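Encoded as structure tokens, the structure appears first; notes follow it.
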Amino acid sequence: MGSLAVLHASQLVTLTGPKRPRVGTELSSLGIIRAGGMLIRDGQIESVGPSAEIEKDIGDGEIVDAEGRIVMPGFVDAHTHLVFAGNRLDDFERRAQGESYEQIAQACGGIWSTVEKTRAASEADLLAQARKRANWFLRCGTTTVETKSGYGLTVEDELKILRVVRQLQEQVPLQIVPTFLGAHAVPRVMSVQEYVELVIHEMLPRVAAENLAEFCDVFCERGYFEIDQSREILSAAKKHGLKLRGHVDQLTNSGGAKLMAQLDATTADHLEQTDEQGIAALQKAKVQPVLVPGSVYALGLSRYPRAREMIEAGLAVVLATDFNPGSSPTPSMPMVFSLACTQMKMSPAEAITASTINAAYSLNRGHKIGSLEPGKLANFAIFDCEDYRELAYWFGVPQTQSVYVRGECTLKL
Ligand code: NIG
Ligand code: FE
């Protein structure tokens, strides 16, 4: 592969810091090198520093001139639902007319309508749709995503989605971390308890045997899976060696954050309704909160998670898109930055840390990605602006100029 030098960045945003998720004021420390450069060899970062210093070591390697733009680690999106068929345009229009997410779900829209379309789709069709969306993520500057099953809800359909995720990984440069979310909704033909048994005794053993997922997730919510049912499923997943994430306290405060703390989960996601006790429980158990303001915005709701209190309590906050057809149809991390800053009062620097190094740790990949430090993979993006704060400020403007995964240019706009 050889070497590659990136020169003349207005800001090389390195995220250099302790080898663990960042908390408190550490979230504001981006390790910026002005007029920075970076030397890459065989897909890995060899050194970072002032551009003038890097230039001395180039030899006959390739040069990328950033021409005064910012260079940053590619975003790590730690919560997405990428594989599904179709869209939910009808739900979207109904919400605009005043119906709620829950009302639409009860009236045969919602997750269930995507399940029907996803079951009917062939693997090839699902893969083609997912490939297009994977490219959207790259265009927004994202180089790694976690992605979940959850629109199949039968043994074969859940496995089908996870196999599509695996094939997708072979076909696109976007790096993908798979999560099993069989407990996303209850199929209409059975009781909740019957479905919980199916997830535990038939789905989980197959997912584990075929090594199709690293994490298990549950939608813990009124009308979906209650606390006890979520606990049963996640405890079983743990015995199969899966790590845990959870959709908790999104629409109601059911004590989901506390459950994730008790189970020693890696992350607790959503948390719009989580109170001080929930925040304290997450802090004590060192569970990382994954905040997804895109879903609050797109559902037309106003209660965002309490990011400031979480940061002040010492939680290693993560930001993600929650890309999905129902509640958050955006792959754009810069859009999420805008929401984080305007609605949750995070600073642009905190938003960047939450979507790079902290997100990488939440996927057990903090040692490999999420910052521009020697020894890490050369996954980075160049944005057409001079100051990192512009990413959050000019909302709705695509600023990605080029994206690299393992030192290879995957996209140039
Ligand atoms: O994260 N809350 C549950 N799951 C998704 C929504 C999925 C859908 O509506 O299709 C979420 O918001
Ligand atoms: Fe989600």
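Start at 1 and go down the list; that is how both ligands and their atoms are numbered. No experiment lies behind these values; they were computed from the predicted model shown.
From the protein, the heavy atom lying nearest to atom 2 (N) of ligand 1 is Gln250 OE1, 2.8 Å. The nearest heavy-atom contact from the protein to atom 4 (N) of ligand 1 is His184 NE2, 2.9 Å. Closest protein heavy atom to atom 7 (C) of ligand 1: Tyr151 OH, 3.3 Å. Nearest protein heavy-atom neighbour of atom 11 (C) of ligand 1: Asp322 OD2, 3.2 Å. Of all protein heavy atoms, the one closest to atom 9 (O) of ligand 1 is Tyr101 OH, 2.5 Å. Summary of contacts: the protein heavy atom closest to atom 12 (O) of ligand 1 is Ser327 OG, 2.5 Å.
Restricting His81 to its N, O or S atoms, the one at the least distance from the Fe ion (ligand 2) is NE2. For the Fe ion (ligand 2), the nearest N, O or S atom contributed by Asp322 is named OD1.
Under 4.0 Å is where a charged nitrogen must lie from a carboxylate oxygen, and between Glu46 and Lys376 no such pair does. A salt bridge is absent between Arg94 and Asp91; no separation between the charged side-chain nitrogens and carboxylate oxygens falls under 4.0 Å.
Only the side chain of His270 comes within 4.0 Å of ligand 1, counting heavy atoms alone; its backbone N, CA, C and O stay farther away. In Phe84, neither the side chain nor the backbone holds a heavy atom less than 4.0 Å from any atom of ligand 1.
Residues Tyr304 and Tyr297 place their aromatic rings such that the two centres sit no closer than 6.0 Å. Checked against a 6.0 Å centroid threshold, the rings of His184 and Tyr151 count as neighbours. For an aromatic pair to be called close, the ring centres must be under 6.0 Å apart, and Phe75 with Phe337 satisfies this.
Not a single N/O/S atom of Asp217, whether from backbone or side chain, sits less than 2.8 Å from the Fe ion (ligand 2). Note on His247: counted as a metal contact of the Fe ion (ligand 2), an N/O/S atom lying under 2.8 Å.
Around atom NZ of Lys368, no more than 12 heavy atoms belonging to other residues, nucleotides or ligands sit under 6.0 Å away.
Checking Arg365, Lys148, Arg245 one by one against Glu214, the salt bridge (Lys or Arg N to Asp or Glu O under 4.0 Å) holds for a single residue, Arg365.
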